[in-house]
Number of protein chains: 2
Amino acid sequence: MSTMVDVAKRANVSIATVSRVLNGQSRVKPELAARVMEAVRDLRYEPNFTAQNLRRNVSGTLAILTPNITNPYYANIIAGIAQAAQENGYSSFLFNTEGKRELEEQILERLTKHQADGAILLAAELGSDWIYDYAREYPVVQCSEFDPRFPIPRVCVDNYKATQDVMEYLISLGHTRIGTISIENRFYSTATRLRGYRDALAAANLPAEEDYIRYATQGYTFKMGFKLARSLLAQEKRPTALFCISDMLALGAIAGAKEMGFRVPEDVTVVGFDDVEYTTMFHPYVTTVVQPCYQIGHTAVELMRGLVQRQQVPQEVILPHRLMVRESSAPYDGLLVNFASRVTGC
Amino acid sequence: MSTMVDVAKRANVSIATVSRVLNGQSRVKPELAARVMEAVRDLRYEPNFTAQNLRRNVSGTLAILTPNITNPYYANIIAGIAQAAQENGYSSFLFNTEGKRELEEQILERLTKHQADGAILLAAELGSDWIYDYAREYPVVQCSEFDPRFPIPRVCVDNYKATQDVMEYLISLGHTRIGTISIENRFYSTATRLRGYRDALAAANLPAEEDYIRYATQGYTFKMGFKLARSLLAQEKRPTALFCISDMLALGAIAGAKEMGFRVPEDVTVVGFDDVEYTTMFHPYVTTVVQPCYQIGHTAVELMRGLVQRQQVPQEVILPHRLMVRESSAPYDGLLVNFASRVTGC
DNA sequence: CTTGTTTCGGTAATCGTTTACTCCACTATA
DNA sequence: TATAGTGGAGTAAACGATTACCGAAACAAG
């Protein structure tokens, strides 16, 4: 491995000149520059990133913290981040934290150790005050999840509005018994969507029964959606529409409803959230809220870049969502088909 | 940000002593060590990774090259890699190369620039001679895809044997008209599975019609499986079983077959490959070859570690696969239901 | 008391860059 | 001709760690 010293010797110039030629900061006589470039080629010289970083006091690297890359929603956001990072000349460290605080903190320490210039968090939980300790000193941006109490730049969709859109749509279809499959976690999006659900019900003077709400206990998984939909639909006065806070839950809910003998959407309407690829694989295609995942990731990197360059960046970027009506939702036909009558075949 | 010099001053020792205390290489009087540790705590000293790396001439970082994180198969392998990397004290750079050579090469250059100690490739194509140029000089390991001509350590399953298992199973079910959905790419696994398919047919004296083979032109996607299954099944003498070289293709194939009015598995048997989560979401659950994705990733990191430490490592690690029989396969009932008779309702 | 051995800690070189400073040669002006 | 001004290149000091080398102190043996 050759270094600048080797190049300098071969080109018969000083290392300062080599550096100048390579970085093009100040002018160098064309003749010398040519000699340097030739030496660089001959020796296959490649600058040592580590040395550059030490000197420049940057790392050119972003740390990405994700609870789980296997989740397609996160995978899509990460794809956006990775792409944008590459475009901006950053590398990106990927860390699976599985939501474990000790791991998250261990990774944020890379900031203090100068191993990363900044961190993008995909799943900041409510009440994670300790994150703010890092954010005060180092560039941190939050993607889709955040705690509104902390002034850490974030990019997300308007979860409240999106939920209102869903609820308005369901109500406009004539549904009056609307259930929701939420989740047991400390995400702001979860709380916001649940609040949106309750507020919409209240605004429309519809009954807000606690028994129309279920909480996934083991993540946004197909299995959970399956199980909870069955529990919701097993009630005497079952809901006729289900608002699921993630597509995976919705997919599971549809399967669960079908397994019980219900038709979707004729007997039960199911709506999801996120718009992952799988929503349009199996019929009924899932009516859902489209989140611009890729763009969320992209924007996060842009904020990051601003932060690193110590520019003023917006505290919050809200990207547009869209209610995508597909096949899993239909007007309420007025006949409240209950569980018993369906399974006995009407 | 405080440095070793600050710590040394505060503890009234030399920086060499600070370093010694922190790294515990040679012995230091307990009293001094205590003073140093106290100063470290007081100043919240954190070693500068970049400086350490420059001096030690390592980066503690692995580069992971993947064509697409959004693909659940790759996502699972990456999860294994990320986990194992963390356990071994490595960070991992993630790069989406989308199979583009210029991007891949740009990233392998990080090796020469000392930004990564080694690279793990998830999708080395056949004939990528240039990869070998890097592998000769730096630690490189290949995950699931590789070119057998190059002696670069790799971890994979036995694709040929796995295909034989699938084919034997299908033949044992009584199928004689077996089609395959392959793909247009330069992966060794693709070639091997196709060879396994052809060899098995020949060994059983079954007709190997070129019209029973289709090639996905746009990746391992649901849409491709959907389209190609329809094309395969539209033939007069349609195949009664379809071997798809990825689960996504199989999922699409099942949907395509259903759309045409075929029942799976009664009218058409479909088998996949990989065993991603989605195979057990919708009925029929997909019969498939289970690849130990997570373990593949894990093993790759272990090989990597050996390589970095200049130990002898095995040239090839073959992990066990398993044929998982589920709902999408059934014995051939002897009645060759053709397309026309099915769609007209028998 | 001298000499040899061992232990411990400090000094300074080093890793490979970037860049502030300095210096030199050359041109322009009076 | 003397002086100031300018562009271009070299010298050396960083950046923050690790570590080879050396010297001082402590102790034991003769």
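Note on naming: letters A, B, ... go to the chains in the order of the sequence lines (proteins, then strands), and numbering restarts at 1 for each one.
- Neither OP1 nor OP2 of D:dA9 sits under 4.0 Å from any side-chain N or O of A:Thr17.
- Closest to the A:Asn23 side chain, of the nucleotides D:dA9, C:dT18, C:dG16, is C:dT18.
- If you take CZ of A:Phe49 and P of C:dT18, they are 11 Å apart, rounded to a whole angstrom.
- Side-chain proximity of A:Lys29 to C:dC15, D:dT19, D:dA9: nearest is D:dA9.
- Residue-level contact check: B:Ile15 touches the bases, meaning some heavy atom is under 4.0 Å from a base atom.
- Rounded to whole Å, the distance from CZ on B:Arg35 to P on C:dC8 is 15 Å.
- In the model, A:Asn185 has a side-chain atom that pairs as donor or acceptor with a side-chain atom of A:Tyr220 under 3.5 Å.
- Backbone-only contact: B:Tyr45 has heavy atoms under 4.0 Å from sugar-phosphate atoms and none from a base.
- Here D:dA17 presents its P atom at 21 Å from NE2 of B:His114, a figure rounded to the nearest Å.
- At distances below 3.5 Å, not a single donor-acceptor pair connects side-chain atoms of A:Thr50 with backbone N or O atoms of B:Asn53.
- Among the heavy atoms of the strands lying under 4.0 Å from B:Arg27 are primed sugar atoms or P, OP1, OP2 only; no base atom is included.
- In B:Gln309, the CD atom is crowded: over 12 heavy atoms of neighbouring residues, nucleotides or ligands sit closer than 6.0 Å.
- Backbone-only engagement by A:Arg56 is indicated by non-hydrogen atom pairs under 4.0 Å involving sugar-phosphate atoms exclusively.
- Considering only heavy atoms from C-beta on, B:Glu109 stays 4.5 Å or farther from B:Glu105 through its side chain.
- B:Met4 places its CE atom 14 Å from the P atom of D:dC15, with the value rounded to the nearest Å.
- Across all strands shown, A:Ser19 has heavy atoms under 4.0 Å from base atoms, whether or not it also approaches the sugar-phosphate.
- Between A:Gln52 and C:dT18 there is a side-chain polar atom (N or O) within less than 4.0 angstrom of OP1 or OP2.
- Put simply, CD on B:Glu46 is 11 Å from P on D:dA17, counting in whole angstrom units.
- Salt-bridge annotation for B:Glu102 and B:Lys100: absent, with no side-chain N of the basic residue lying under 4.0 Å from a carboxylate O of the acidic one.
- Rounded to whole Å, the distance from NZ on A:Lys113 to P on D:dA17 is 11 Å.
- The two residues A:Asn48 and A:Tyr45 have their closest heavy-atom pair at N-OH, 4.5 Å.
- Going from atom CG of B:Leu32 over to atom P of C:dC8 covers 11 Å, rounded to whole Å.
- Residue order along DNA chain C, read from the 5' end via each residue's closest nucleotide, puts B:Arg20 first among B:Arg20 and B:Leu54.
- Among the protein residues, A:Val5 comes within range of no part of the nucleic acid, since none of its heavy atoms lies under 4.0 Å from any strand.
- Between B:Asn12 and B:Ala51, the one whose closest nucleotide on DNA chain C sits nearer the 5' end is B:Asn12.
- Of the candidate nucleotides C:dG16, D:dA17, C:dA20, C:dG16 has the atom nearest to the side chain of A:Arg55.
- For the OP1/OP2 pair of C:dG16 and a distance below 4.0 Å, the side-chain nitrogens and oxygens of A:Thr3 include no atom meeting the criterion.
- Within 4.0 Å (heavy atoms only), B:Glu31 reaches no atom of the nucleic acid at all.
- At a threshold of 4.0 angstrom between heavy atoms, the contacts of A:Asn57 with the nucleic acid are absent.
- Taking every side-chain heavy atom of A:Val13 into account, D:dG10 is the closest of C:dC15, D:dT18, D:dG10.
- In this structure, A:Lys9 places its NZ atom 12 Å from P of C:dG16, rounding to the nearest Å.
- Here D:dG10 is the nucleotide among C:dT17, D:dG10, D:dG16 with the atom lying nearest to any side-chain atom of A:Ala16.
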